[in-house]
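Notes for the one structure printed next.
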Amino acid sequence: MKAYIISRDKMSSEVLERVLNEDDFTGIRTLPPTAESMQSLRDADPTTVLFWDLDSKESSSLVKSCPSSVPIVYFGSHESIKAVGDGVKHSLRKPFSKLQVRQVLQGSLLAGVKLSTKPSTNNLAQENNLDVIKKRWQSGLATINLRRNELIQMLKATPEQLRVLIQKRGSDLVGDSRKLPVEAFPMSHALVVDPSEQNLRQLLHSLAAKCVIQADTSEDGMTGWKLLVDGHYDVLVLRWESPELGGLSFYNKLRTHERFRYLPLVVLSSKVQTQDFRLLDEDLAVSILPLPISDKALSGALSQVVSNAVLSREFISDLTGLIKDIQSVSEIASREILANKGKAYDQVVANALKLVGDNLLEQNNFDGAEWAYSAAWRLGDRRLSLVTGYGKACLYQGKSDEALRLISVADAIAPKSVERLCLLGELELGRRRFVDAKVQFGKALVIDPESSRAEAGIRVAEELEKFEKSGMVKTPTDNFASYLNMIGITMSRAGKTVEAASYYESALIFIHKSDQQAKLYFNLGICYLRARRPVDAKNALEKAVKLSDGNLAKAQKFLIIATESMAKGAVTPDTSLDFEVI
């Protein structure tokens, strides 16, 4: 985000600038409170925040000219803030600390997040349907609560107590063996990453007491990551200050990997005040413990993260169906159904709704995802991952300005998320601000040098930049997918077939609508046929057929050609093969 500081107070401005620089704000400008400075504020866009000094004598005459479209944080003496009265919603009283700045800034930015609600469609014919949905919802809440209590009992039980609990569920145990059925216990296999041998010994002892059947260990982050990718683990205990691959990079890799998006995680650290941990505050499947740790603290943390993760996964299918029912009735009805039932309920249900939104995004149901995020927000979920998800839903529906605002807010409050940086880079690609896009993708690569999304973003930004500078560019189109596709076609027709195929592979990461993806995969298949790579062509064309539901006839035709070419072991390049336009 960008920031303007309107003040002549050097000390206060320096504190604000330090906080903003640490949080990766860009375009920080400190201006005196003058009419000329107010002219500069005309450039303020949805990604701007304004800090206004109420102590300046010009403040009273200029403050009414502040743009209403951006968040404003006022600062000054107690008297000057009080004098403004109800007009000040977010303020800092001088002198203030960096921590106070962050707290007020977060409140100001989140206050500007407005999740849209669908218009009411209520009518008398829906009343009976509403009663049925209410009963289903209440029954679901009761089931979740019972399951939570059962999970917590299991996770806190001794081996003997656990046997009794499992027997009550009807699970069979073989003889007197200590080994328990994997499906009966949600935490059978753990991975511990910690460079301290003493910590490892203590953690292994504590995990054994928690009925964990097997625990693997690693003394450095990179080895731990490889163990995680190659194995199957129910919970991860991670020392933030691990060598080779530190906690920040490890966590970003973890949550951007599909398999580990909701893996329960306990973070251990000797520096719990570090700003990196703001990234973890939004994750219900994460608990942070300061070193040294006690068995009781570890037990409580494990119970919390494992039960949250298990419950969210178990009820996601039921909630997806229920959400479709709720969407069929009025907005008033949905508010009533989703009314607060107590903190324990809200946290689990809101998290599950958020996960439903994530799943609907993956299914390209962007409208449904938007509704799920809104429902979780109404329940009181203020995690930044929810704001990020909503921003993605807006981006994928073409609402780029709203998406930019939402994702920028989340990034400003909790910087250093690879996912958010890549989304900001993608937004800058769509705005044709290629230098800014490369900056965002570059930040992501600093955190995770193996981020394929960030690498693809830089590749696409560079190709777009070269294309526009080459003079070959036609009148720019408003359709981003069409623009990306046009560049790939131009490259291939110029004889750069291999480069075009590589470009398409990167560009496809930033196309989200199925019909557009189908055409780009078709063109990628054509590039591979021209490059005499029938196996790759077949894979791309199969995806084109699937994404188009079989409606892209040319894809089926050339899929047969690619399959026949594979059988022959060779293919003759045909430069007459033409492409699909969007």
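The first residue in the sequence is number 1, and the count goes up from there.
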Q.
Checking K438 against E428 for the salt bridge (charged side-chain N to carboxylate O under 4.0 Å, His left out) test, could you report, in this order, the C-alpha distance in whole Å, the side-chain angles of both residues, the deciding distance, and whether it holds?
A. CA-CA 9 Å; K438 286 190 285 186; E428 297 297 2; over 6 Å; no
Q) Please walk me through it: do S242 and F250 pass side-chain contact (heavy atoms from CB on, under 4.5 Å)? A) CA-CA 9 Å; S242 293; F250 200 119; over 6 Å; no
Q: Evaluate the side-chain contact (heavy atoms from CB on, under 4.5 Å) criterion for residues R405 and T47: first the C-alpha distance (whole Å), next the side-chain angles of each, then the deciding distance (0.1 Å), finally the verdict.
A: CA-CA 5 Å; R405 170 57 192 263; T47 65; 5.5 Å; no
Q) What do the steps show when you test L279 against N252 for side-chain contact (heavy atoms from CB on, under 4.5 Å), and what is the final call? A) CA-CA 9 Å; L279 190 62; N252 271 285; 3.7 Å; yes
Q | Test log, rule salt bridge (charged side-chain N to carboxylate O under 4.0 Å, His left out), inputs K253 and E450 | A | CA-CA 9 Å; K253 289 172 77 70; E450 297 181 350; 2.9 Å; yes
Q: Assess whether side-chain contact (heavy atoms from CB on, under 4.5 Å) is satisfied between E465 and V435, documenting all intermediate values.
A: CA-CA 8 Å; E465 197 172 25; V435 173; 3.8 Å; yes
Q: Might you work through the salt bridge (charged side-chain N to carboxylate O under 4.0 Å, His left out) test for D358 and K354, ending with a clear yes or no?
A: CA-CA 6 Å; D358 293 345; K354 186 260 177 189; 2.9 Å; yes
**Q.** Candidate pair R383 and D283, rule salt bridge (charged side-chain N to carboxylate O under 4.0 Å, His left out), full reasoning
**A.** CA-CA 8 Å; R383 287 174 297 156; D283 195 331; 5.7 Å; no
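In this pair, Y251 and W240 present their aromatic rings tilted. The plane angle is within the 30 to 60° band. The aromatic rings of H257 and W225 sit perpendicular, their planes meeting at an angle over 60°, well past the 30° parallel limit.
Nearest heavy-atom pair, D55 versus S80, reported as atom, atom and distance to 0.1 Å: OD1-OG, 2.7 Å. Nearest approach of F467 to M486, heavy atoms of both residues: CE2-CE, 4.2 Å. Taking both residues in full, the closest heavy atoms of V305 and L265 are given as CG1-O, 3.7 Å, listed atom of the first, atom of the second, then distance. Contact between L31 and S40 at its shortest, heavy atoms only, is CD1-CB, 4.0 Å. Taking every heavy atom of both residues into account, N308 and R148 meet most closely at OD1-NH2, 2.7 Å. The minimum heavy-atom distance linking S97 with V15 is given by the pair C-CG1, 4.4 Å.
The backbone N or O of E370 sits less than 3.5 Å from a side-chain atom of S374, completing a donor-acceptor pair. Counting only distance, with no hydrogens or angles, the side chain of S108 and the backbone of P71 share no donor-acceptor pair below 3.5 Å. Judged by distance alone, with hydrogens and angles left aside, the side-chain atoms of R382 form a donor-acceptor pair with the main-chain N or O of W377 at under 3.5 Å. Side chain of Y503 to backbone of L484: a donor-acceptor contact under 3.5 angstrom is found.
For the atom pair CG (L429) and CG (L464), the distance works out to 6.0 Å, reported to the nearest 0.5 Å. To the nearest 0.5 Å, atom CZ of residue R453 and atom CZ of residue F441 are 7.0 Å apart. Atom CG of residue L353 and atom CZ of residue R378 lie 9.0 Å apart, to the nearest 0.5 angstrom. Residue R18 holds its CZ atom at 11.0 Å from OG of S13, rounded to the nearest 0.5 Å. Remark: I447 CD1 to T256 OG1 distance equals 10.5 Å, nearest 0.5 Å. Summarising the geometry, atom NZ belonging to K57 is positioned 12.0 Å from atom CG belonging to L62; distances are rounded to the nearest 0.5 Å.
L424 places a side-chain heavy atom less than 4.5 Å from the side chain of L404. Within the 4.5 Å cutoff, the side chain of L109 has no heavy atoms near those of the V113 side chain. Within the 4.5 Å cutoff, the side chain of L236 has no heavy atoms near those of the V266 side chain. Residues W52 and L54 form a side-chain contact, since some pair of their non-hydrogen atoms from C-beta on lies under 4.5 Å apart. Proximity of S269 to E241: side-chain heavy atoms (C-beta onward) are separated by under 4.5 Å at one or more points. Counting heavy atoms from C-beta on, the side chains of Y373 and L361 come closer than 4.5 Å. Within the 4.5 Å cutoff, no side-chain heavy atoms of D411 are placed close to those of M1. Under the 4.5 Å side-chain criterion, counting only non-hydrogen atoms from C-beta, V267 is not in contact with V237.
Ion pairing between a basic and an acidic side chain is recognised when a charged N comes within 4.0 Å of a carboxylate O; D23 and R102 show such pairing. Contact check on R459 versus E463 returns a salt bridge, with a Lys/Arg side-chain nitrogen under 4.0 Å from an Asp/Glu carboxylate oxygen.
Side chain to side chain, E426 and Q440 fail the donor-acceptor criterion of an N or O pair below 3.5 Å. Of the N and O atoms on the side chains of T34 and E58, not one donor lies less than 3.5 Å from an acceptor on the other residue. Using modelled atom types, one finds no donor on one side chain facing an acceptor on the other under 3.5 Å when comparing D448 with S451. For the residue pair R8/S56, the side-chain donor-acceptor check at 3.5 Å is not satisfied. Side-chain atoms of T388 and S385 include no donor-acceptor pair closer than 3.5 Å. Between T30 and E17, the side chains place a donor N or O and an acceptor N or O closer than 3.5 Å (distance only, hydrogens not considered).
Cation-pi geometry between R432 and Y483 is met: the NZ or CZ atom falls under 6.0 Å from the ring centre, inside 45° of the normal.
Residues passing the side-chain hydrogen bond (donor to acceptor under 3.5 Å, both in side chains) test with D515: none are found, sequence neighbours excluded.
When each of V70, I5, L105, I72 is checked for a side chain to side chain contact (heavy atoms under 4.5 Å, CB included) with V49, only L105 meets the rule.
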